[in-house]
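The block underneath contains the structure these notes are about, expressed in C-alpha cells.
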Amino acid sequence: MNSRTSLLCLLLLSILLVASPVQADNQESVLMIVQKGGKITYVDLNENPEITFSSDYISISTKELQFSYDDVEEFTFQMELPTAISQVESPSSLVFSFTDANTIRVAGLASAAGVFVSSLDGKHFSVPMEQTGNEISLHLASLPHGAYIVVTPKQSYKFIKK
C-alpha cells in the first residue's frame with residue numbers, strides 16, 4: 001500500500017472516530033486545514049460535509065472547497081465544547097486591532113494554529129486568515145452583524161460587527 005493510500009485510509013478512519021462521539025455527546029467538532037502560507041480554514045463537521053479524498057485533492061462539499069495536498073501544511077480534527085474557553089497560560093502581549101471594518105489584526109502570535117472566531121453562544125465561524133510574520137489577519141466580511149469572540153491560545157478578544 002503506497003503512502004498516499006495509507007494517508008487516505010487513516011484520514012477516513014479519523015473522520016469516523018471523531019464524528020461518532022460528537023453526535024452522541026452533542027459537542028462541536030471542526031476540521032482545521034492549515035495551508036502553506038498560514039491560511040486556515042475551519043469546516044464544521046456538524047454540518048455533515050461530504051469529504052472526498054482523491055489522489056491529488058481533498059474536496060469538501062458543504063463549502064465547495066478543494067485543497068491540493070501540495071498546498072496543505074496540516075489538517076487536524078478538533079473537538080471542543082461550544083462554550084469551552086482555555087485558561088490563559090501567562091500574561092499575553094497580543095495586540096488586537098481593526099485594520100478596516102472587516103479585518104482584525106492580531107500581533108504577537110507565532111502561529112495561526114488554534115485561532116478561531118466564535119459567536120457568543122459558542123458557534124464557530126470559518127473566516128479566511130493570513131499570517132505574515134507574527135501577525136495574523138482575520139477577514140470578517142462573510143460574518144453577519146453581531147457579537148463575536150476571536151479566540152487564540154493566549155488571549156480572547158470580543159468585538160461587534162455592525
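Predicted, not measured: the structure shown is a model, and the values here were computed from it.
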Nearest-0.5 Å distance, CG of residue Leu94 to CG of residue Leu109: 4.5 Å
Separation between CG of Leu138 and CD of Gln131, rounded to the nearest 0.5 Å: 10.5 Å
Counting only pairs under 3.5 Å, give me each side-chain donor-acceptor contact of residues 141-151, with atom names and distances, residues two or more places apart or in other chains.
unit_1, atom_1, unit_2, atom_2, d
His145, ND1, Lys162, O, 2.8
Tyr148, OH, Pro144, O, 2.6

Non-hydrogen atoms of Gly114 and Pro153 that approach each other most closely: O-CD, 3.8 Å
Thr132 side-chain N/O to Glu135 backbone N/O, donor-acceptor pair under 3.5 Å: no
Contacts of Thr103 that satisfy side chain to side chain contact (heavy atoms under 4.5 Å, CB included) - sequence neighbours left out: Thr99, Asp100, Ser137, His139
Transitive ILVMFWY side-chain link Leu120 to Tyr157, under 4.5 Å: yes
With sequence neighbours excluded, residues passing side chain to side chain contact (heavy atoms under 4.5 Å, CB included) with Val72: Ile33, Phe67, Phe75
Partners passing side chain to side chain contact (heavy atoms under 4.5 Å, CB included) against Ser97 (at least two apart in sequence or in another chain): Arg105
Minimal non-hydrogen separation, Leu140 against Lys161, with atom names: O-NZ, 2.8 Å
Atom pair OG (Ser59) and CZ (Phe53), whose distance is rounded to the nearest 0.5 Å: 9.5 Å
Parallel, tilted or perpendicular: rings of Phe159 and Phe98 (30°, 60°): perpendicular
Heavy-atom closest pair, residues Ser119 and Phe125: CB-CE1, 3.6 Å
Counterpart residues, salt bridge (Lys or Arg N to Asp or Glu O under 4.0 Å), relative to Glu130 (two or more places apart): none
Residue list, side chain to side chain donor-acceptor pair (under 3.5 Å) with Ser111, at least two apart or on another chain: none
